[in-house]
Amino acid sequence: MKKLFILFFVLINMLMSIISLAQDVNNTISIIPKPKSFVLSEGVFKLKPSTKIFYDQNSKRVADYLTEVINPATGFNFEPQIWNGRVETNSVILSLTSANNYGKEGYSLAINPFNVIIEANELNGLFYGIQSLRQIFDAHINSVARVEGIDWELPAVVILDKPEFVWRGLNLDCCRHFMSKEFVKRYIDLLAYHKFNTLHWHLTEDQAWRIEIKKYPELTNKGGYRIYDDGSKYGGFYTQEDIKEVVAYAESRFVTVVPEIEMPGHSTAAISCYPEISCTGGPFEVGTLWGIYYDIYCAGNEKTFQFLEDVISEVVDLFPSKYIHIGGDEAPKNRWKSCDKCQQRIKDENLKDEHELQSYFVKRMEKFINSKGKQIIGWDEILEGGLAPEATVQSWRGVKGAIDAAKLGHDVIVSPTSHCYLDYLVDITDLAKVYSFDPVPPELSLDERKHVLGSEGNMWAEYAPQELIDDRLFPRMLALSEVIWTYPTERDFESFRQRVQRHYARLGLLGVKYGLETKPFEFSALFNAEKNVFDVKVNQLQNDIDLIIGSYEQELLVNQNSNQFDFTVDKSSSVLIYGEKNNNKVGKTFKYGFTFNKATRKKVILTYPFSDKYSAGGIEALTDGIRGSDSFRGGDRSWQGYQGTDFEAVVDLGDLTKVNKIAVGFFQATSSWVVFPQSVEFYTSINGVDYVSVGKVDIPSTLRNPDWTQNDFSFDIQNADVRFVKIFAKNYDELPKWHPEAGGKPWLMVDEIIVE
Ligand code: ACM
Ligand code: ZN
């Protein structure tokens with residue numbers, strides 16, 4: 001029997017070169033990542049309740065998995081049976097064989113009208129054959145409930161497939177936002193579905209320590225939580241039992257979990273619990289903001305190494321992975337420069353500078369980790385000051401780190417911010433850009449290329465709590481899956497994108513709340529003085545979605561001409577726009593605020609100038625009737641920035657005017673130094689010389705909150721006759737001492753002054 005298989009595949013291999021041209025135009029099969037090769041033929045195999053599912057010797061585990069994923073939707077309660085080696089009709093056979101060379105993760109999947117045969121050398125390959133099979137069925141195979149009325153038919157095809165790269169990963173940051181154990185397991189399923197094999201689990205950070213360490217209980221009791229200004233707590237952690245459960249689940253999906261325990265930087269949570277292993281001794285709080293914190297582990301203190309060795313000793317027992325990721329990125333050397341212990345270490349060890357001190361740190365930890373039978377991975381900063389002998393380098397600041405490390409004979413994981421940072425907005429890193437990624441830098445020789453293990457999508461979670469992760473990762477993860485698994489030599493993006501359109505139904509049934517492929521539209525609003533309206537244009541950029549445009553305050557009469565939508569806005573209102581795909585919302589709701597008030601288009605005089613970097617197009621922005629967007633980086637005609645000064649503006653209403661309310665809009669993004677003012681005071685005048693204070697709003701600090709927020713601070717007055725309105729907003733002198741960039745000069749960001 002096995003011989004027949006070999007013959008069959010040899011034949012197929014010959015056919016492949018002839019028919020491969022037809023692959024992309026054929027509509028029947030649409031698998032992501034695209035198999036290396038496939039050949040469609042005539043006929044279909046129909047899955048029936050009577051179909052037998054066979055495993056041989058050691059493949060029961062994946063047969064059980066197959067039934068687990070196809071039983072619910074079909075309602076056929078398949079129970080796998082041991083295979084006796086005869087190819088029966090009406091059967092699905094999962095066969096491990098050494099007859100063909102598929103490699104560890106490769107497989108063949110042959111479907112004909114009589115049976116389905118998946119063959120591989122190892123269980124990993126069979127598992128990936130099953131993933132392809134799942135994507136050949138009608139999308140409803142992904143339903144968790146029985147679906148009636150579908151013929152579970154599979155077109156006859158032969159697929160030969162194997163991955164280009166051995167490292168196909170996702171780096172999931174569960175520190176900046178905590179993600180539940182169930183969520184992480186669900187992600188492991190989604191990774192496996194797209195033939196990823198590595199979950200790089202980011203478990204320690206400035207803002208949290210998420211992995212229970214028995215010897216240091218404070219790490220999670222205290223370090224697992226951050227505390228905001230109002231005393232509220234945010235956080236959570238994984239017990240060692242949770243970790244074991246996740247690791248075992250991942251193993252069942254052929255996903256290796258690589259833990260990241262950051263050192264020497266990104267360690268605020270740890271040193272807030274054990275300040276004696278920092279340079280200054282603290283005290284510190286668990287970080288509440290995003291950024292790079294200056295206080296890191298002290299490299300001159302033996303207690304630091306004792307601590308980290310104790311931690312690693314517990315970590316290695318929890319993760320069967322060959323690798324432990326030690327971070328190594330973004331470790332500022334400021335504290336080391338002024339620490340006696342660190343400087344003594346530099347002397348004692350004959351080190352040139354603090355970069356070599358970091359290298360000493362990493363090499364010393366590598367030695368310990370090697371002694372536990374594991375290898376280290378570090379971000380590309382670990383090249384600075386000398387690379388640890390056995391280290392694998394993960395390049396993120398471009399690909400230079402990967403090139404340098406590979407040339408030194410080290411393995412590399414290539415995940416530059418430019419293509420692999422899926423936390424970045426789609427405006428910057430869209431689906432096409434990710435699809436264009438080549439993990440192999442052309443600077444590497446053929447020999448050096450062997451060191452490229454693969455790539456990872458990086459999912460940093462500063463701006464993405466658990467419920468937004470799907471939106472960030474999908475569909476862009478699909479592009480990355482194809483880059484790493486298939487490594488298409490010709491990047492035909494449009495053909496890939498067409499397959500993505502078909503894939504959405506499968507993702508939808510898996511409950512994935514996928515996001516946008518690219519910036520969905522361009523928006524412009526021009527004031528039409530003649531009609532006293534805004535003429536608005538929306539130019540759709542992402543195809544194959546519906547744009548929903550509306551407003552609660554007014555009916556919009558929207559003209560559509562191909563990809564162009566036009567309408568006017570004639571009263572204070574918000575225009576809301578979002579995309580829909582398959583009747584599901586994709587991406588966020590974009591909000592454009594307009595105001596027609598007594599200050600609109602009136603002259604403004606400023607006491608302190610705005611910054612050229614955040615001019616919002618000039619002083620008119622403050623009364624142009626266009627509200628700022630949900631990003632202070634919105635650019636022209638949005639948020640106007642004042643750094644290191646207060647904000648004071650006078651609006652001349654032109655004539656004595658009845659005034660009932662004065663308001664001004666501010667933005668807060670404390671991690672980016674943008675703060676709400678401490679207070680806003682409102683004044684009025686009838687002559688522009690004598691002002692009376694009509695009210696003051698004191699603003700309780702919410703600076704520890706990392707969320708981007710907008711607020712209008714306002715004061716109501718009683719129908720006063722007023723010509724001039726003055727607003728004074730008090731800035732903070734400097735960023736407070738717990739801020740990652742303590743002492744920096746904060747920004748006030750203003751979008752609009754409103755007088756009613
Ligand atoms: C990183 O993004 N700091 C590795
Ligand atoms: Zn020190």
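We count ligands from 1, going down the list as the structure has it; atoms in each ligand are counted the same way.
Protein heavy atom closest to atom 2 (O) of ligand 1, with residue, atom name and distance, is Tyr421 OH, 2.6 Å. In terms of protein heavy-atom proximity, atom 3 (N) of ligand 1 is closest to Asp329 OD2, 2.6 Å.
Which parts of ligand 1 touch Trp460 is read off a 4.0 Å heavy-atom cut-off, strictly below it: atoms 1 (C), 2 (O), 4 (C).
Here's the thing with Glu330: one of its N/O atoms is less than 3.5 angstrom from an N/O atom of ligand 1.
Within 6.0 Å of NZ on Lys513 lie no more than 12 heavy atoms contributed by other residues, nucleotides or ligands. Counting non-hydrogen atoms of neighbouring residues, nucleotides and ligands closer than 6.0 angstrom, the NZ atom of Lys407 exceeds 12 such neighbours. Residue Asp340 places its CG atom among 12 or fewer non-hydrogen atoms of other residues, nucleotides or ligands, all under 6.0 Å distant.
Using a 4.0 Å cut-off between charged side-chain N and carboxylate O, Arg186 and Asp470 make a salt bridge.
The angle Cys298:SG - the Zn ion (ligand 2) - Cys339:SG amounts to 110°, with values rounded to 10 degrees. The angle Cys279:SG - the Zn ion (ligand 2) - Cys342:SG amounts to 110°, with values rounded to 10 degrees.
Cation-pi contact between Lys588 and Phe590: present, with separation from the ring centre below 6.0 Å and deviation from the ring axis of at most 45°.
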